[in-house]
Amino acid sequence: MAQQDPLYAMRHSLAHILATAVQHLWPHAKFGVGPVVENGFYYDVDLGETKLSEDDLAKVEAEMHKVIEANHPFEHFEKPVDEAIVWAKEAQQPYKEELLNDLKRAGTTVAKDLNAAELGTIAEGDSQVESVSFYKDGDFTDLCRGPHVENTGKVGAFKLLRVSGAYWRGNEKNAQMQRIYGVAFEADKELRQYLNMLEEAKKRDHRRLGQELDLFIFSDLVGSGLPLFTPRGTVLREELAKFSNELRERHGFQKVWIPHMTKKDLYEMSGHWAKFGDELFLVKSQETSDELVLKPMNCPHHTRIYASRPRSYRDLPLRYLETTTVYRDEKTGELGGLSRVRAITQDDSHAFVRHDQIETEINNLLTAANELYSTVGMELRVRLSYRDDSDAYLGDAGLWASAQDQLKNAVIANELNYFEQEGEAAFYGPKIDFMATDALGREHQVATVQLDFVMPERFGLEYSAEDDSQQRPVMIHCALLGSIERFLSVYIEHTAGRFPVWLAPEQIRLVTVNQEEETVSFADKVAAQAKDLGLRVTVDNSNESVGKKIRAAELMKVPYTVVIGEKEIRQDRLTPRIRKDMEVVAAHPELNFEEFFKTIANEAKSRVSKSSL
RNA sequence: GCCGAAGUAGCUCAGGGGUAGAGCACCUCCAUGGUAAGGAGGGGGUCACGGGUUCAAAUCCCGUCUUCGGCUCCA
């Protein structure tokens with residue numbers, strides 16, 4: 001949000017008022033930073049032994065309201081940096097003192113390297129920082145860039161939402177402070193709308209829908225971050241993977257298969273061991289002295305298939321495709337639902353290409369990604385993820401620059417909406433990362449295309465060129481869904497579990513009006529017809545009222561429900577009940593079962609999201 | 001891994017030092033039904049796990065596991 005925005009000043013002022021309230025309640029509080037964030041603000045505080053819980057938020061809010069009612073003016077003034085340091089010492093604010101000292105030492109060059117949170121206290125300017133900015137409301141003075149509103153009464157509607165831990169300056173080696181989060185809007189109405197939106201988001205939470213729609217489970221006995229997929233959830237996984245594969249098979253990708261464990265030597269050679277060694281699962285043989293690891297990625301295995309025989313320039317591109325699970329020992333606190341798991345299924349592919357083939361190959365993959373995301377109805381934009389000048393990257397700097405250029409050219413040629421970011425590359429090469437926007441406007445990282453000159457080098461991959469010289473291929477890594485688990489977490493929330501026909505675990509439910517033999521056998525007979533067309537159909541002939549069975553189908557978000565009773569049996573005519581969210585493009589007044597099933601089968605085959613009934 | 005919160009029936013949750021509750025789901029029976037809940041009855045829980053305090057622990061304390069909100073990290 002721009003600093004000129006009136007909401008910005010308001011939220012910034014609220015952060016200040018929050019600090020004021022904390023100071024009133026805990027006079028020895030030490031303050032970190034208190035920036036404006038999306039929809040609100042937070043302040044990091046160090047209260048020594050005192051640990052805040054969510055119950056304390058009401059108390060803090062009440063104190064904030066006192067400050068607001070007092071309607072103090074915000075007095076703005078500046079001090080030279082040295083004087084500000086003296087102020088921080090006297091006020092016993094060590095965190096502010098540290099920031100000021102850093103600022104004095106290196107000016108804004110360093111200030112810009114600090115994350116956005118720190119910038120909240122620093123005046124923008126040229127490299128020489130002369131003075132810093134302060135605001136005072138009544139009895140509390142804070143180092144702060146501002147801007148603020150005129151007085152504490154003019155801050156609109158806010159609510160403190162949560163309190164959590166946060167490391168000082170985002171570094172886990174530093175002290176952990178307590179972060180108090182609030183949201184703020186100009187008026188009550190907007191605040192209420194926002195809180196309602198949060199409620200909506202909660203209803204769409206993929207963990208909740210995963211339970212309600214019977215898609216996946218976790219078991220304490222299996223372990224954290226290790227989801228188990230039910231029959232319904234497995235349909236989703238397989239249909240998605242099938243689509244992702246088809247999109248690449250049409251560009252010459254071939255499926256391969258690799259085992260899920262390997263000697264660690266493979267990763268010592270690839271460089272992954274040095275970088276991610278402590279996140280690998282170790283597997284010890286009880287028969288031999290073998291010490292294996294579960295694969296955390298697939299590229300090194302795939303290079304072994306490439307290297308298994310001499311390759312000619314005529315063989316390239318060589319394209320391997322595999323939807324397979326990798327295992328990463330994520331820190332426990334980072335796991336959550338399907339968004340972050342320890343068994344991660346990637347729709348992974350690796351193309352081994354000559355330099356002159358890079359552009360075409362990347363174009364094909366960008367086309368595939370576009371088709372996939374337009375089919376699932378999500379807006380895409382891409383991030384060009386470049387290296388920065390840290391030593392976290394392998395390989396020749398010249399190769400990096402050329403790779404980064406080629407990615408950018410391909411993205412521009414495909415007219416993709418893009419932005420560039422340094423420091424987001426993989427250690428072996430730059431990436432095109434796809435960000436998809438979901439129905440609630442949230443952006444998620446999904447697909448990725450990565451150019452890699454390093455892995456072929458490390459594994460000594462070669463091919464014989466026309467002039468019989470040995471040349472090095474380039475590897476292009478690609479995952480269109482990213483990880484199936486992560487994609488599902490995003491997609492379930494995007495659709496609120498209302499899957500299009502091609503993905504719906506249960507496409508048609510036949511509900512019998514009664515349990516008479518004639519009704520049930522008719523339902524079974526037409527269900528068999530539907531199954532012959534490859535449709536996923538179930539029959540609900542349970543001993544319940546029709547209303548109740550309709551309700552059950554509705555709750556499971558089944559796209560088509562058909563009630564079967566005397567009318568249907570006698571006339572071979574039906575009136576399907578179409579899930580409410582589905583847009584109907586053609587009205588069929590009278591349908592028989594065969595027409596109905598064929599229409600649905602076509603819908604599924606063409607992966608359309610509308611109902612063609 | 002760190003800070004904070006939590007774990008009671010398949011699910012959603014109430015209770016809380018003195019032998020465990022509701023709704024839904026499940027099972028049985030009655031009702032044979034027409035597009036979002038028909039009726040009656042019944043089964044089901046070592047109150048996450050382990051240890052401690054106590055005459056007595058689901059309840060209090062400690063540890064472990066798991067989950068949630070964040071931080072950090074993300075090939």
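This one's a predicted model, so the numbers in the text were calculated from it and none came from an experiment. Numbered from 1 within each chain, the chains take letters A, B, ... in sequence-line order.
Straight-line distance between the P atoms of B:rA20 and B:rC47: roughly 9 Å, to the nearest whole Å. B:rA58 and B:rU46 are spaced 10 Å apart, taking the C1' atom of each and rounding to whole Å. With P as the reference atom, B:rC71 and B:rG15 are 31 Å apart, rounded to whole Å. Taking the C1' atoms as reference points, B:rG10 lies 29 Å from B:rU32, given to the whole Å. Between B:rG63 and B:rC2, the two P atoms lie 12 Å apart (nearest whole Å). Here, B:rA48 and B:rA6 have their C1' atoms 12 Å apart, quoted to the whole Å. B:rU8 and B:rC13 have their C1' atoms separated by 9 Å, given to the nearest Å. Taking the C1' atoms as reference points, B:rG50 lies 43 Å from B:rA37, given to the whole Å.
Between A:R442 and A:E493 there is a salt bridge, with a side-chain nitrogen of the basic residue lying less than 4.0 Å from a carboxylate oxygen of the acidic one. A salt bridge links A:E98 with A:R169; the closest basic N to acidic carboxylate O contact falls under 4.0 Å. With salt bridges taken as basic N to acidic carboxylate O contacts below 4.0 Å, none links A:E291 and A:K264. With salt bridges taken as basic N to acidic carboxylate O contacts below 4.0 Å, none links A:E568 and A:R573. Ion pairing between A:E199 and A:K203 fails under the 4.0 Å rule for side-chain N and carboxylate O.
With hydrogens and angles ignored, no donor-acceptor pair closer than 3.5 Å exists between the side chain of A:Q450 and the base of B:rA75. Scanning atom types as modelled, no donor and acceptor separated by under 3.5 angstrom connect the side chain of A:R162 and the base of B:rC68.
Within the 4.0 angstrom heavy-atom criterion, no nucleotide atom of any strand lies near A:E517. Among the atoms of the strands shown, none is found under 4.0 Å from any heavy atom of A:E212.
Residue A:S224 has its side chain nearest to B:rU66 when only B:rC73, B:rU66, B:rA37 are considered. Checked against B:rA75, B:rG69, B:rU35, the side chain of A:R207 finds its nearest nucleotide in B:rG69. When the nucleotides B:rU35, B:rA75, B:rC11 are ranked by their closest atom to the side chain of A:M297, B:rA75 comes out on top.
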Could you walk me through whether A:I578 and A:Y560 pass the side-chain contact (heavy atoms from CB on, under 4.5 Å) test, one step at a time?
CA-CA 5 Å; A:I578 305 173; A:Y560 296 103; 3.9 Å; yes
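Pairs of residues two or more places apart, or lying in two chains, that qualify as ring pair (Phe, Tyr, Trp, His ring centres under 6.0 Å) and include a residue from residues 199-229 of chain A are A:F216-A:F229.
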Which atom pairs, donor and acceptor, lie under 3.5 Å between side-chain atoms of residues 333-345 of chain A and protein residues at least two apart or in another chain?
residue : atom : partner : partner atom : Å
A:E334  : OE1  : A:K331  : N            : 3.4
A:S339  : OG   : A:G336  : O            : 3.4
A:R340  : NH2  : A:E330  : OE1          : 3.1
A:R342  : NE   : A:S224  : O            : 2.9
A:R342  : NH1  : A:D329  : OD1          : 3.4
A:R342  : NH2  : A:S224  : O            : 3.1
A:T345  : OG1  : A:R237  : NH2          : 2.8
A:T345  : OG1  : A:T325  : OG1          : 3.0
A:T345  : OG1  : A:E485  : OE2          : 2.8

Could you go through nucleotides 1-5 of chain B and list every protein N or O atom that sits under 3.5 Å from one of its N or O atoms, giving the distance for each pair?
residue : atom : partner : partner atom : Å
B:rG1   : OP2  : A:T332  : OG1          : 2.5
B:rG1   : N7   : A:G333  : N            : 3.3
B:rG1   : N2   : A:Y167  : OH           : 2.4
B:rC2   : O2'  : A:Q176  : OE1          : 2.3
B:rC2   : O2   : A:Y167  : OH           : 3.4
B:rC2   : O2   : A:Q176  : NE2          : 3.1
B:rC3   : O4'  : A:Q176  : OE1          : 2.6
B:rC3   : O2   : A:G165  : N            : 3.3

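In terms of phosphate contacts, A:Y181 brings a side-chain nitrogen or oxygen within less than 4.0 Å of OP1 or OP2 of B:rC71. OP1 or OP2 of B:rA36 lies within a sub-4.0 Å distance of a side-chain N or O belonging to A:R577.
For A:F352, the ring-ring contact (aromatic ring centres under 6.0 Å, His included) partners are A:Y306, A:Y320, not counting sequence neighbours. In this structure A:Y428 satisfies the ring-ring contact (aromatic ring centres under 6.0 Å, His included) test together with A:H477, sequence neighbours excluded.
Along RNA chain B, the nucleotide closest to A:R342 and the one closest to A:A425 are compared, and the more 5′ of them pairs with A:R342. Each of A:K580 and A:G223 was assigned the nucleotide of RNA chain B with the nearest heavy atom; the assignment lying further toward the 5' end belongs to A:K580.
In this structure, A:I180 places its CD1 atom 15 Å from P of B:rC71, rounding to the nearest Å. In this structure, A:D205 atom CG and B:rG69 atom C1' are separated by 12 Å, rounded to whole Å.
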Starting at the 5' end of nucleotides 38-49 of chain B, put B wherever the base has a protein heavy atom under 4.0 Å, S where only the sugar-phosphate does, and a dash everywhere else.
S-----------
